[in-house]
Asker: 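One structure, pasted below without further comment.
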Amino acid sequence: MALIVQKFGGTSVGNTDRIKNVARRVAAYRTKGDQLVVVVSAMSGVTDGLIKLSREITSLPSEREMDMLLATGEQQTIALTAIALHAQGIPAVSLTGAQAGIVTDGVHTKAKIQNITPNEVHKFLNDGNVVIVAGFQGQTPEGHITTLGRGGSDLTAIALAAALKADLCQIYTDVDGVYTADPRIVPNARKLDEVAYDEMLELAGAGAKVMQLRSVEFAKKFGVVFEVRSSMNDNPGTIVKEETKSMEGVVVRGVSLDKNQAKVTLVGVPDKPGVAARVFNALADGAINVDMIVQNVSHGSGTPATDLSFTVDKPDLLKATKVIEGLKGEIGYREVSADENIGKLSIVGVGMRSHSGVAAKMFATLATEGVNIDMISTSEIKISVVIDLAKGEHAMRAVHAAFIA
Ligand code: ADP
Ligand code: ASP
Ligand code: MG
């Protein structure tokens, strides 16, 4: 008898027919004698719909209340999934994140899991139930509801698989697995049989939303091997696991495009010690994640001035500009500007460590397509560029063609 954690994303539970389909799949595993913990997301569109409602009231709602609001999406689906299993004669119990013992810190809207005490999960499993857990949510030690960041049901599934020492962790979604690029943008992208944690980390960090970044970090840290596969068919998916020697043979495993970034530029910042520390400390205090940073060569006489640009997630843009405006008196920059029309294009592969000329080939491909590069950042296994959003998808297809197919 195996203990299996299965996670079904928003599209896979997008309507009641799909929820019945999920229940049939779960029932088939259970009939084989497996114990099942099923993590579900909100039905597709529900989380976005709730965010939209709050924005009709204010552009900067309280983050605590946003968590209270958004957690209701997953609560609908756990109950509907349990009801669908009951209709098939399968005993099932739904649990909120808090009831499943998921304890987080108090950083609302992007809380981190601190520990999981899954006593209730064990109890209901031992009584012969399928246990359905609400993805994306937890609670603080004081009992306040939190959420784990967009796409956070992936994290719930992986963290539960680790805490329960599950034999198998399956992430069911609306594509057959992890592809060399988003198949909706690059039609000839190929499904990968396996991906190393580090590659999946970089791909997720670069905008491949097939797996939430933090869920992959967690999987790597606790060695949770997982499979990404389709809830619509029985095709084998993609196994995400520790790197093996043979993976180095491929230079570029995948290409990602992140359309969810925005750029903030501080123009005319005094170029003196402590300024960057002050800016990025203030952003960190606001729990704003900064991705790329570029500082120009300074210009002017007296205290020279420079321009400082950085990127943040689009939903954090308003908060970030507010933080920067709050520093104006203290730092004395000339002006601040924000640009939402950017895309971050990245290529990723562990094989880059042992191959040279990869960046040059990427830049040459972009040049041939007339795409200007605004910012560049690299890691050992990734090269990212910020480009004009309008050219993003075209550039992605060109770079995919140059390196993969
Ligand atoms: P779920 O609701 O199941 O969590 P998501 O919408 O979060 O699903 O993630 C699945 C989507 O991720 C796919 O529909 C696909 O468009 C997108 N995607 C982006 N990059 C990739 C990639 N490299 N491989 C597969 N899917 C990708
Ligand atoms: N419902 C949440 C979201 O849309 C969490 C998830 O789907 O994983 O981000
Ligand atoms: Mg997702």
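Whatever order the structure lists them in is the order used to number ligands and atoms, beginning at 1. Heavy-atom basis, side chains included; hydrogens, waters and symmetry copies ignored.
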Asker: What residue and atom, counting heavy atoms only, is the protein's closest point to atom 23 (N) of ligand 1, and at what distance?
Answerer: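 Of every protein heavy atom, Tyr179 O, 3.0 Å lies nearest to atom 23 (N) of ligand 1.
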Asker: For ligand 1, is Ala181 a contact, meaning one of its heavy atoms is under 4.0 Å away?
Answerer: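 So Ala181 counts as touching ligand 1.
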Asker: Can you tell me which residue and heavy atom of the protein come closest to atom 27 (C) of ligand 1, and the distance to 0.1 Å?
Answerer: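 Protein heavy atom with the smallest distance to atom 27 (C) of ligand 1: Val210 CB, 3.6 Å.
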Asker: Taking all non-hydrogen atoms of both residues, which atom of Ser231 and which atom of Asn21 are closest, and how far apart?
Answerer: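 Smallest heavy-atom distance, with atoms named: O-ND2, 3.3 Å.
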Asker: Is the positively charged end of Lys241 above the ring of Tyr197, judged by distance under 6.0 angstrom from the centroid and angle within 45° of the axis?
Answerer: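 Relative to the ring axis of Tyr197, which defines the angle, Lys241 lies outside at least one limit.
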Asker: Applying the side-chain contact (heavy atoms from CB on, under 4.5 Å) test to Met396, which of Ile387, Leu345, Ile347 qualifies?
Answerer: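 Among the candidates, only Leu345 passes.
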Asker: Side chain or backbone of Arg184 under 4.0 Å from ligand 1, or both, or neither, by non-hydrogen atoms?
Answerer: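 It is the side chain that gets close, since no backbone atom is under 4.0 Å.
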Asker: Which protein residues have a heavy atom under 4.0 Å from ligand 2?
Answerer: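 These residues qualify: Ser41, Ala42, Thr47, Glu74, Phe136, Arg150, Gly151, Gly152, Ser153.
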Asker: Measure the distance from atom 4 (O) of ligand 1 to every protein heavy atom, then report the residue, atom name and distance (to 0.1 Å) of the closest one.
Answerer: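 Ranked first by proximity to atom 4 (O) of ligand 1 is Lys7 NZ, 3.0 Å.
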Asker: What residue and heavy atom of the protein are closest to atom 8 (O) of ligand 1, and at what distance?
Answerer: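 Of every protein heavy atom, Thr173 OG1, 3.1 Å lies nearest to atom 8 (O) of ligand 1.
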Asker: Ion pair present between Lys314 and Glu340, side-chain N to carboxylate O less than 4.0 angstrom?
Answerer: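 Not counted as a salt bridge, because no side-chain N and carboxylate O are separated by less than 4.0 Å.
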Asker: If you measure from each heavy atom of Pro183 to ligand 1, is any distance below 4.0 Å?
Answerer: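 Pro183 counts as a contact of ligand 1 under the 4.0 Å cut-off.
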Asker: For Tyr172, is the NZ or CZ atom of Lys7 found under 6.0 angstrom from the centre of its six-membered ring and inside 45 degrees of the ring axis?
Answerer: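 No - Lys7 does not lie over the ring of Tyr172 by the 6.0 Å and 45° rule.
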Asker: If we only count N/O pairs under 3.5 Å, is Asp154 in contact with ligand 1?
Answerer: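 N/O-N/O distance below 3.5 Å does not exist for this pair.
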Asker: Quick one: which ligand 1 atoms are inside 4.0 Å of a heavy atom on Asp174?
Answerer: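 Counting atoms of ligand 1 from 1, those under 4.0 Å from Asp174 are 10 (C), 11 (C), 13 (C), 14 (O).
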Asker: What protein heavy atom sits nearest atom 2 (O) of ligand 1, and how far off is it?
Answerer: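 That would be Gly10 N, 3.0 Å.
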Asker: Any idea which part of Met43 is under 4.0 Å from ligand 1, heavy-atom wise: side chain, backbone, both or neither?
Answerer: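 Neither part.
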Asker: Less than 4.0 Å between a side-chain N and a carboxylate O, is that true for Glu243 and Lys220?
Answerer: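 Answer for the salt bridge query: no.
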Asker: Strictly under 4.0 Å, does any heavy atom of Gly177 approach an atom of ligand 1?
Answerer: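 Within the 4.0 Å threshold, so yes.
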Asker: Is Asp176 salt-bridged to Arg229, cutoff N-O under 4.0 Å?
Answerer: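 Not counted as a salt bridge, because no side-chain N and carboxylate O are separated by less than 4.0 Å.
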Asker: Ignoring hydrogens, just give me the one of Lys209, Gln212, Arg150, Arg190 whose non-hydrogen atom is nearest atom 5 (P) of ligand 1.
Answerer: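 Closest candidate by heavy-atom distance is Lys209.
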Asker: Step through the shown structure and confirm whether more than 12 heavy atoms of other residues, nucleotides or ligands are within 6.0 Å of NZ on Lys221.
Answerer: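 For Lys221, atom NZ is not crowded (no more than 12 foreign heavy atoms under 6.0 Å).
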Asker: Any N/O of Asp182 closer than 3.5 Å to an N/O of ligand 1?
Answerer: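 Yes: some nitrogen or oxygen of Asp182 is under 3.5 Å from one in ligand 1.
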Asker: Check if Lys191 has a non-hydrogen atom at a distance under 4.0 Å from any atom of ligand 1.
Answerer: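 Checking ligand 1 against Lys191, which is what was asked, there is no heavy-atom contact under 4.0 Å.
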Asker: Less than 4.0 Å between a side-chain N and a carboxylate O, is that true for Lys322 and Asp316?
Answerer: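 No, this pair does not count.
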Asker: Hey, are Asp174 and Arg184 close enough for a salt bridge, meaning a charged N less than 4.0 Å from a carboxylate O?
Answerer: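 Salt bridge between Asp174 and Arg184, a charged N being under 4.0 Å from a carboxylate O: yes.
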Asker: Got a salt bridge between Lys263 and Asp374, using NZ or NE/NH1/NH2 to carboxylate O under 4.0 Å?
Answerer: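 Between Asp374 and Lys263 there is a salt bridge, with a charged N closer than 4.0 Å to a carboxylate O.
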Asker: Do any nitrogen or oxygen atoms of Val178 come within less than 3.5 Å of a nitrogen or oxygen of ligand 1?
Answerer: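 In this structure, Val178 places no N or O atom under 3.5 Å from an N or O of ligand 1.
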